[in-house]
S.K.: 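Quick one: this structure, given as structure tokens, is what I'll be asking you about.
We use all heavy atoms of the structure for the numbers below, so side chains are in, but hydrogens, waters and symmetry mates are not. Sequence lines set the chain letters: A, B, ... in the order given, protein chains first and strands last, and positions in each chain run from 1.
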Amino acid sequence: MDLGEVLRIVKKNTSYFFPEEEFVEKYRAFAEGRRGPLRVKFGADPTRPDLHLGHYVSLRKLKDLQDLGFEIIIIIGDFTAMIGDPSGRSKARPRLTPEEVKANAKTYFEQVFRVLDARRTRVEYNSTWLSKLTPQDIIELSARYTVSRMLERDDFHKRMEAQEPIYIHEFLYPLFQAYDSVHLRADMEVGGQDQVFNFALTRDIQKAYGQEPEIILTVPLLIGLDGVKKMSKSENNYIAFNDSPEDMYGKVMSIRDELMEDYYRLVLYYDEDRMAEIRKLIERDPLRAKERLAYEITRIFHGEEGARRGREHFNRVFRKRDLPDDIPVLRTDEPVKLSEALLMGGLVKSRNEFRRLLSQGSIRIDGQKVFEDKLIDRSTVVRVGKRRFLKIELS
RNA sequence: GGGCGGGUACCCAAGCGGCCAACGGGGGCAGACUGUAAAUCUGCUGGGCUUCGCCCUUCGUAGGUUCGAAUCCUACCCCGCCCA
């Protein structure tokens, strides 16, 4: 494969790729057999094993690199998880026990290896080397960077201005992450756009340890379901790998129209020719464009069959306002009040919530709105709002 | 260590003796509309109830003053800023 083609693949959908000359040099050496494959580092956060489409953007990129013959190294940050990445956050995360880390890592890999080839992927836990660092080592490491440079980082800067606390150990996060790269002699690191600071710092640290600095490759952040913030678990605006086909399809349908283009490009990975086509479709027939997007994305994770199921469910439940084919059932042997049934079925959290919904006309029995707490004395289907259902079976 | 400011519901943030379950915004939920769980508009958003009124719990923690406190006092815990 010629260099131009390699660069085209590597640079596709990146927000930041730097420095290109260093990459070219390393790649040439690799292609000419003067060195082994480039070691590409990717950090995983074991506190949140539930992967979502935002992660998919990075993983898809890694897949390309893997297919170019590079060595993909996934770092399970079990040690750094005790600190918590300060990126975009204001609170430290809780510490995890080794057992929790192990369990999380397992679910994590189940998801990652739907995209990457497990046999060709190396996995490392950073506690392996970080827990062996002595206080002297840590002093040595932290002596390579200054406080003011650390404070340049956007997150810290904002927190300073907002007069929010910054704890000293939070400075250690980027330093330890950098040390991972030193330990592995990483040639390249992949991550989201929000990792640019950490990666840049890593380059400096590597140089300070007399190593060649890693090449930085970041992918754009995917905007989440709220249409504003980046997709993340803590914002609860994400589409997870493990969402059911119905949820996945529905969630994609719920993104705002303006986001479709991003999703086509970053998630479906369409190239420029197809994007031109898609832009026209979005313009002409946004609903069809979104249906296609929802179908294609669901298909990645659930196959053709799952995508069809998701679409079918959506059209039935939301467009036609019919009942889904899979409704939770509450069995009872004597008549119950509607409020009791919904409480037991978990459709409402409290009686007060029930009363509110009732007065707003959100509760339907067999399709008919009800406004009082009726006694249910026959088998029936209750719908709360658009999305909550309960079948009550009286025996 | 000293001085000052601050800790309010899921988040941000008003309130500063009774009209406070507590303004406003965000988020969430719901209704209308629609091309969808888009957009837009509207309502609701601690719990319980014998439901248009009542009871319980909540304003960092623990006590106290008062007929009555998120609002005043005391102690303690925590955060920010400045000085050292």
Side-chain angles (χ1 to χ4, degrees), chain A residues 53 88-92 151 156-170 223-240 243-264 278 281-298 307 309-324 337-340 342-343 346-364 367-374 382-390:
Chain A
L53 294 188
R89 316 199 96 244
S90 56
K91 284 165 192 152
L151 289 177
F156 289 141
H157 198 74
K158 285 194 183 125
R159 279 160 69 181
M160 288 288 276
E161 296 207 323
Q163 307 209 324
E164 281 164 10
I166 296 170
Y167 294 88
I168 293 176
H169 75 288
E170 297 186 76
I223 301 295
L225 300 179
D226 56 21
V228 182
K229 294 180 185 141
K230 72 161 180 162
M231 186 174 283
S232 84
K233 196 171 179 189
S234 45
E235 291 296 336
N236 197 29
N237 63 353
Y238 65 105
I239 301 175
D243 276 341
S244 68
E246 291 82 3
D247 273 352
M248 193 173 266
Y249 190 96
K251 282 182 180 179
V252 177
M253 289 304 284
S254 84
I255 66 169
R256 47 192 306 150
D257 290 357
E258 293 71 32
L259 253 41
M260 281 196 269
E261 198 178 320
D262 275 4
Y263 278 58
Y264 267 108
I278 287 301
L281 180 63
I282 291 172
E283 179 82 16
R284 208 176 56 233
D285 191 348
L287 180 59
R288 249 193 74 214
K290 200 176 278 177
E291 284 176 322
R292 176 167 163 188
L293 182 67
Y295 188 89
E296 294 291 325
I297 289 179
T298 309
R309 252 178 44 219
R311 180 172 60 193
E312 207 266 328
H313 176 268
F314 187 85
N315 288 341
R316 181 169 357 158
V317 176
F318 298 106
R319 190 163 295 165
K320 297 200 198 110
R321 290 292 147 83
D322 281 348
L323 298 174
K337 287 182 100 176
L338 181 56
S339 56
E340 289 301 328
L342 294 182
L343 221 42
L347 296 219
V348 296
K349 286 197 288 288
S350 68
R351 285 175 213 285
N352 273 341
E353 187 189 11
F354 172 79
R355 288 185 196 103
R356 280 177 221 126
L357 291 166
L358 199 65
S359 68
Q360 289 182 112
S362 323
I363 302 178
R364 289 162 201 265
Q368 294 297 309
K369 281 189 185 181
V370 292
F371 291 94
E372 55 197 60
D373 193 358
K374 290 187 174 176
V382 183
R383 176 174 199 157
V384 178
K386 294 188 184 70
R387 299 165 61 184
R388 290 176 260 176
F389 300 89
L390 184 67

S.K.: Considering every strand and a 4.0 Å limit on heavy-atom distances, what is the contact class for A/Arg321: base, sugar-phosphate, or nothing?
M.R.: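 Touches a base.
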S.K.: State the NZ-CZ distance between A/Lys386 and A/Arg364, to the nearest 0.5 angstrom.
M.R.: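 Between atom NZ of A/Lys386 and atom CZ of A/Arg364 there are 9.5 Å.
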S.K.: Is the shortest distance from a Lys or Arg side-chain nitrogen in A/Arg351 or A/Glu340 to a carboxylate oxygen in the other one below 4.0 Å?
M.R.: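 Counted as a salt bridge, because a side-chain N and a carboxylate O are separated by less than 4.0 Å.
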S.K.: Decide, yes or no, whether a salt bridge links A/Glu312 with A/Arg316 under the criterion of side-chain N to carboxylate O below 4.0 Å.
M.R.: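 Salt bridge present between A/Glu312 and A/Arg316.
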S.K.: Going by heavy atoms in the side chains, are A/Glu246 and A/Val317 under 4.5 Å from each other?
M.R.: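 When only atoms from C-beta onward are counted, A/Val317 and A/Glu246 do not touch, as no gap falls below 4.5 Å.
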S.K.: Which nucleotide, in any strand shown, forms a Watson-Crick or G-U wobble pair with B/rU51, with both distances under 3.5 Å?
M.R.: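 In the structure as shown, B/rU51 has no Watson-Crick or wobble partner.
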S.K.: Suppose you measure atom P in B/rC29 against the same atom in B/rG47; what distance do you get, rounded to whole Å?
M.R.: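 Taking atom P in both B/rC29 and B/rG47, they lie 16 Å apart.
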S.K.: For residues A/Glu170 and A/Phe156, report the shortest heavy-atom separation together with the two atoms involved.
M.R.: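 Between these two residues, the closest heavy atoms are O-CZ, 4.0 Å.
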S.K.: Provide the Watson-Crick or G-U wobble partner of B/rA75, both distances under 3.5 Å; none if there is no partner.
M.R.: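 Pair assignment: B/rA75 / B/rU61.
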S.K.: So do the side chains of A/Arg319 and A/Leu287 get within less than 4.5 Å of each other, counting heavy atoms only?
M.R.: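 Counting from C-beta outward, A/Arg319 and A/Leu287 do come under 4.5 Å.
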S.K.: Does any nucleotide pair with B/rU36 by Watson-Crick or G-U wobble geometry, both distances under 3.5 Å, and what is it?
M.R.: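 Because no pair has both required distances under 3.5 Å, B/rU36 counts as unpaired.
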S.K.: In whole angstrom, give the distance that lies between atom CZ of A/Phe314 and atom P of B/rA38.
M.R.: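 Computing the A/Phe314:CZ to B/rA38:P distance gives 8 Å.
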S.K.: With sequence neighbours excluded, what pairs up with A/Tyr238 under the side-chain hydrogen bond (donor to acceptor under 3.5 Å, both in side chains) test?
M.R.: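 Here the qualifying residues are A/Asp50.
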S.K.: Over how many whole Å does the gap from A/Asp257 atom CG to B/rA37 atom P extend?
M.R.: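 After rounding, the gap between these two atoms is 13 Å.
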S.K.: Among all residues two or more places apart in sequence or in another chain, which pass the salt bridge (charged side-chain N to carboxylate O under 4.0 Å, His left out) test with A/Arg321?
M.R.: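 So A/Arg321 forms no salt bridge (charged side-chain N to carboxylate O under 4.0 Å, His left out) with any residue.
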S.K.: Roughly how many Å apart are B/rG24 and B/rG2, using the P atom of each and rounding to a whole number?
M.R.: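 Pairwise P distance, B/rG2 against B/rG24, rounds to 42 Å.
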S.K.: Test of understanding: with ring pair (Phe, Tyr, Trp, His ring centres under 6.0 Å), list the residues that count as partners of A/Phe318, not counting sequence neighbours.
M.R.: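 With neighbours one apart ignored, the set is A/Phe314.
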S.K.: If you compare every side-chain N and O of A/Arg356 against the phosphate oxygens of B/rG47 (OP1, OP2), does one of them come in below 4.0 Å?
M.R.: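 It does, given that an N or O in the side chain of A/Arg356 lies less than 4.0 Å from OP1 or OP2 of B/rG47.
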S.K.: Mind checking the P distance from B/rU61 to B/rA9? Whole angstroms is fine.
M.R.: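 Between the two P atoms, the distance is 10 Å.
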S.K.: For the atom pair CG (A/Leu225) and CD1 (A/Ile239), what is the distance rounded to the nearest 0.5 Å?
M.R.: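 A/Leu225 CG to A/Ile239 CD1: 5.0 Å, rounded to 0.5 Å.
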S.K.: Using atom NZ of A/Lys386 as one end and atom C1' of B/rG28 as the other, report the distance to the nearest whole Å.
M.R.: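 Roughly 14 Å, once rounded to whole Å.
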S.K.: Send over the distance from A/Glu312 CD to B/rU36 P, rounded to a whole Å.
M.R.: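 Interatomic distance, CD of A/Glu312 to P of B/rU36: 16 Å.
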S.K.: Return the pairing partner of B/rC10 with a 3.5 Å limit on both distances, Watson-Crick or G-U wobble; otherwise return none.
M.R.: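 Per the H-bond distance test, B/rG26.
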S.K.: Classify A/Asn237 by what it touches in the nucleic acid, base, sugar-phosphate, or nothing, heavy-atom distance under 4.0 Å.
M.R.: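 Answer is nothing: A/Asn237 stays at 4.0 Å or more from every strand.
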S.K.: Need to verify one output field. Residue with the more 5' nearest nucleotide on RNA chain B, A/Lys369 or A/Gln360?
M.R.: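 First, find each residue's nearest nucleotide; the 5'-ward one identifies A/Lys369.
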S.K.: Under a 3.5 Å limit for both distances, which nucleotide forms a Watson-Crick or G-U wobble pair with B/rG80, could you say?
M.R.: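 Answer to the pairing question: B/rC4, which forms a Watson-Crick or G-U pair with B/rG80.
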S.K.: Would you kindly give the CG-to-P distance between A/Asp226 and B/rC10, to the nearest whole Å?
M.R.: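 Computing the A/Asp226:CG to B/rC10:P distance gives 21 Å.
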S.K.: Would you mind telling me which residue lines up with the more 5' stretch of RNA chain B, A/Val384 or A/Lys251, judged by nearest nucleotide?
M.R.: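 Looking at the nearest nucleotide for each, A/Val384 comes out on the 5' side.
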S.K.: Give the rounded distance in Å between these two atoms: CZ of A/Arg388 and C1' of B/rG28.
M.R.: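 Checked: the CZ to C1' distance equals 10 Å.
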S.K.: When you check the phosphate oxygens OP1 and OP2 of B/rU34, does a side-chain N or O of A/Arg319 lie under 4.0 Å from one of them?
M.R.: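 Indeed not, no polar side-chain atom of A/Arg319 lies that close.
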S.K.: Dump every N/O contact between nucleotides 76-79 of chain B and the protein below 3.5 Å, one line per pair.
M.R.:
none

S.K.: Over all heavy atoms of both residues, which pair between A/Phe354 and A/Leu338 is shortest? Give the atoms and the distance, please.
M.R.: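 That closest heavy-atom pairing would be CE1-CG, 3.9 Å.
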S.K.: Nearest-Å distance, CZ (A/Phe389) to C1' (B/rA37)?
M.R.: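 Taking CZ of A/Phe389 and C1' of B/rA37, I get 11 Å after rounding.
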S.K.: Would a 4.5 Å heavy-atom cut-off, applied to side chains only, mark A/Asp262 and A/Ile255 as touching?
M.R.: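 A/Asp262 vs A/Ile255: side chains apart.
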S.K.: Taking B/rG26 as the reference, what is the distance to B/rA32 when you measure between their C1' atoms (whole Å, please)?
M.R.: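 Approximately 23 Å lies between the C1' atom of B/rA32 and that of B/rG26.
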S.K.: Have a look at A/Lys320 and say if it touches a base, only the backbone sugar-phosphate, or nothing, with a 4.0 Å heavy-atom cut-off.
M.R.: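 No contact.
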S.K.: What contact category does A/Arg387 fall into here, base, sugar-phosphate, or nothing, at under 4.0 angstrom with non-hydrogen atoms?
M.R.: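 Base contact - A/Arg387 has a heavy atom under 4.0 Å of at least one base atom.
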S.K.: Which residues in residues 287-297 of chain A have at least one heavy atom lying under 4.0 Å from any atom of RNA chain B?
M.R.: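 Result for residues 287-297 of chain A: A/Leu287, A/Lys290, sorted by number.
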S.K.: Please report, rounded to the nearest Å, how far the P atom of B/rU36 is from the CD atom of A/Glu246.
M.R.: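 The answer, rounded to whole Å, is 19 Å.
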S.K.: Protein-nucleotides 48-51 of chain B N/O pairs closer than 3.5 Å?
M.R.:
| unit_1 | atom_1 | unit_2 | atom_2 | d |
| --- | --- | --- | --- | --- |
| B/rG48 | OP1 | A/Arg351 | N | 3.0 |
| B/rG48 | OP2 | A/Ser350 | OG | 3.3 |
| B/rG48 | OP2 | A/Arg351 | N | 3.0 |
| B/rG48 | OP2 | A/Asn352 | N | 2.8 |
| B/rG48 | N7 | A/Asn352 | ND2 | 3.4 |
| B/rC49 | OP1 | A/Arg351 | NE | 2.8 |
| B/rC49 | OP2 | A/Arg351 | NE | 3.1 |
| B/rC49 | OP2 | A/Arg355 | NH2 | 2.8 |
| B/rU51 | O4 | A/Arg355 | NE | 3.0 |

S.K.: Do you know which of A/Leu357, A/Leu342, A/Ile363 makes side chain to side chain contact (heavy atoms under 4.5 Å, CB included) with A/Leu347?
M.R.: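 When side chain to side chain contact (heavy atoms under 4.5 Å, CB included) is applied between A/Leu347 and each of A/Leu357, A/Leu342, A/Ile363, only A/Leu342 qualifies.
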S.K.: Given side chains that start at C-beta, do those of A/Glu353 and A/Arg356 come closer than 4.5 Å, heavy atoms only?
M.R.: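 Side chain of A/Glu353 against side chain of A/Arg356, heavy atoms only: contact under 4.5 Å found.
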